[in-house]
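Atoms within a ligand are numbered from 1 in the order they appear, just like the ligands themselves. Just so you know, these numbers use all the heavy atoms, side chains as well, and skip hydrogens, waters and symmetry mates.
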Amino acid sequence: MLVYRPSGLSTWRLLLSFLFVAAWDAGSGQVHYSVSEEAKHGTFVGRIAQDLGLELAELVPRLFRIASKGRGDFLEVNLQNGILFVNSRIDREELCGRRAECSIHLEVIVDRPLQVFHVEVEVKDINDNRPVFSTSEQKLSILESQPLDSRFPLEGASDADIGENAILTYGLSSNEFFTLDIINKKDKGKLPVLVLSKLLDREENPQLRLLLTATDEGKPELTGSVTLLILVLDANDNAPVFDQTVYEVKMYENSANQTLVIWLNASDADEGINKEVIYSFSSLVPSTIRRKFLINERTGEVRINDAIDFEDSNTYEIHVDVTDKGNLPMVGHCTILVEILDENDNSPVVVVTSLALPVREDAQVGTVISLISVSDRDSGANGQVTCSLTPRVPFKLVSTFKNYYSLVLDSSLDREKVSEYALALIAKDGGSPSLSTSASVSVEVADVNDNAPTFAQPEYTVFVKENNPPGCHIFTVSARDADAQENALVSYSLVERRVGERALSSYVSVHAESGKVYVNGTLDYEENKFYEIEVQATDKGNPPMAGHCTVWVEILDANDNAPEITVTSLSLPVREDTQPSTVISLISVSDRDSGANGQIICFLTPNVPFKIVSTFKNYYSLVLDGTLDRESVSVYKLVVTARDGGSPSLSATASVSVEVADVNDNAPAFAQPEYTVFVKENNSPGCHIFTVSALLVLTLLLYTALRCSAPPSEGACGPVKPRLVCSSAVGSWSYSQERRQRVCSGEGPPKTDLMAFSPSLPPGLDREVEERQEAGSNHSGLVSSIDPSPLLEPFVIIIYYVLKQSSQVYAARVTRQIRLLIFLNKVIQTC
Ligand SMILES: *[C@@H]1O[C@H](CO)[C@@H](O)[C@H](O)[C@H]1NC(C)=O
Ligand SMILES: *[C@@H]1O[C@H](CO)[C@@H](O)[C@H](O)[C@H]1NC(C)=O
Ligand SMILES: *[C@@H]1O[C@H](CO)[C@@H](O)[C@H](O)[C@H]1NC(C)=O
Ligand SMILES: *[C@@H]1O[C@H](CO)[C@@H](O)[C@H](O)[C@H]1NC(C)=O
């Protein structure tokens, strides 16, 4: 084998040229083979031995060998069959670079004889190299504002192959922005150029990755590619933007100062200073909102800067601008709608409008007293108000409309019980917690004159001594009236009535204002023992009301009356033969005072043959208490003394002269024994011719009963004072009694009848008639018509009568001197 030993270039050249000549000389032509590069080991190249005209057998003996210039042992000959084959990988590009021709020159040497043959083995190119770019990535920076059709030359690819295998075509990955233009260069290759076919937007595509491919024309074709990294440079072509145009924020009122409302984040698609933004309120924002809210121009935080009150405004519309800091700043906008949520921060407000105050106590149930309106500035449940009233008052709330109420009288009023109501009205809202307000309504109850003045007692008893100083104050009445003002202003007056002949007001008077009861004049027990005074108290209401009371004025007796004595002599002079115990005189005493003041004791001058015998109460008899002897004492001068039990006591005396006489020899007589009357003849019948006067003593003790049909009520049947009236007429006379109009103070007809009596005077009545009848005797039916003839004599009638009423006995005495007129019934002849 030929081994190439480098021994200097000049030597190798000389040798080479020599060999060429030799081979050319030895052979009939150059043997030419071709083999593709990169052929596999053992690839047949040619029958070199045969082609050189060598026998196979002589190869070995002739030391057939090949030598190649340059490197290696790309090719080898099989000495058995004389075939040239590929021994090791042949890379054309390695061997020849980019030369168009590439071959391996083989020197085939055989000895005996030495022959050198030259064999050219052309190494054929195969497309085994792809186009390559110098870098895997090409960076381009392009301003986004570049105009269309801007051109950006690119670095082309190279291909180690040759010929068609090295002819490149370029392609660009599909994209919307760039197209590829190829510039064919004069010398070699082509130059790819990027052409901007669509405007760039950094914000959309801050960078682009494109693939530039180069393809050769080999078979199969090979491609190489490079990444084009296109960086789009920013221009301030973007306004800052908010992610929403409207932000809705809900927040409670009364939020604390500096509470965050919203944190705005605007974004600017630009870069650098073009991206830096400033937040501000739009010029549309009114100052009222500017006061309430604060925007941080750097961060975009919107905060509360003032009290937020739902009741002022429940929404705010805030326009916000955001501006970038680019050379030509751009502005973005948004609106914040702040909805303020209500909190229960307002108490209800109660307004009371009085209508009918004060309320008359007689106001009808249902009367509207006040109008009440409640309100609450809060909304929803927070503004829903319920109203309630203090319990247990005679008023109620009536809802008239929504938040309007009437305060209405619910039951009747009585000012005298409660004159004023302090009502508490509580208005409560529906918030949680709820707020409430209370209002007080003072309801004054106006008085109505519905109460009469009343006295503490219906009756008062006052004791007054008689003979009081005139005009003295004896008592004070006082009435109260539960009403008010003039309805309670009481004036007093006397209820007038008659007391006997006089009006009550002539005895007593009542002072209208003070209620003092005065006595007009001086009271006399003996005139009236008591007075019943009805006092009326009248108020000044309209209409007025009145109340009454009775003041019983009891008069206390004073010993202001001396006893009185009446002595009635029965048989005077007294016959000296008169028997002891004979009644000489009748004595009656009386004292107008009462009680001890009217209690009388009666006594006689001592040492006389007479005594005083009490017959009945204040009636006494002067009784003979011994024997008389006219010859020793012919006249007794007796003094009867009556003394009452008052203190000091009063007394009275009466003198009785008792003449002692012989038996019946003294006759009473007219003043004259004879009267001569001249009567003219032819007198008119019945004419009065003369009056005679003489004394007749008649003593009658008449008993009768006083009948009261009803049991006498207390004090009603007072002392009866019957009066006997003598009705006298010629031919008849009688006692009759006057019907007492009012014995009992009760009503009804007169109840008392006194029986009427006529004295029964038998004919021939002696001038000294003494008739005595016992109590219980019946004198009804006595002669009522008597012959007048015996009465022609003068007489004095003293009548005692006793009235019997129940167990009490009253006595009275009537003295009458009756003058009898003598009438001539017929014409008389002159005597
Ligand atoms: C704005 O950004 C802040 C902080 O990242 C965030 O808390 C806030 O919620 C954002 N605002 C909006 C409206 O998204
Ligand atoms: C809220 O806070 C700001 C800043 O501290 C202050 O200027 C402002 O007066 C406050 N407003 C109220 C209502 O307190
Ligand atoms: C007393 O009564 C008399 C008679 O009625 C009368 O004239 C007089 O004015 C009264 N006096 C007084 C003080 O009332
Ligand atoms: C009284 O007299 C009348 C008539 O003479 C006689 O009817 C009556 O019974 C008498 N009464 C007494 C109580 O004697």
* What's the spacing between I372 CD1 and L389 CG if we round to 0.5 Å? -> 7.5 Å

* To do: Can you confirm whether something in the protein, heavy atoms only, sits under 4.0 Å from atom 14 (O) of ligand 2?
  => yes

* To do: Could you tell me whether atom 9 (O) of ligand 1 has at least one protein heavy atom nearer than 4.0 Å?
  => no

* Nearest candidate to atom 7 (O) of ligand 1, where distance is taken over non-hydrogen atoms, out of F242, W263, Y247 -> W263

* **Whether Y316 and F293 hold their rings parallel, tilted or perpendicular, with breakpoints at 30° and 60°** => perpendicular

* Asked: Do D378 and N346 have a side chain donor and acceptor closer than 3.5 Å?
  -> yes

* Asked: Is the number of heavy atoms from other residues, nucleotides or ligands within 6.0 Å of CD (Q258) greater than 12?
  -> yes

* **Exceeds 12 heavy-atom contacts within 6.0 angstrom, atom CZ of R89** => yes

* **Atom indices of ligand 2, in the order listed, that fall short of 4.0 Å to a heavy atom of D306** => 13 (C)

* Asked: Of the protein's non-hydrogen atoms, which lies at the shortest distance from atom 11 (N) of ligand 2, and what is that distance?
  -> N257 ND2, 2.9 Å

* Verify atom 5 (O) of ligand 1: protein non-hydrogen atom under 4.0 angstrom away -> no

* Option set I336, N265, T299, criterion heavy-atom distance to atom 1 (C) of ligand 1, minimum -> N265

* Structure fact -> Note: N305, heavy atoms under 4.0 Å from ligand 2, region reported as both

* Asked: For atom CD of E513, is the number of surrounding heavy atoms from other residues, nucleotides or ligands below 6.0 Å larger than 12?
  -> no

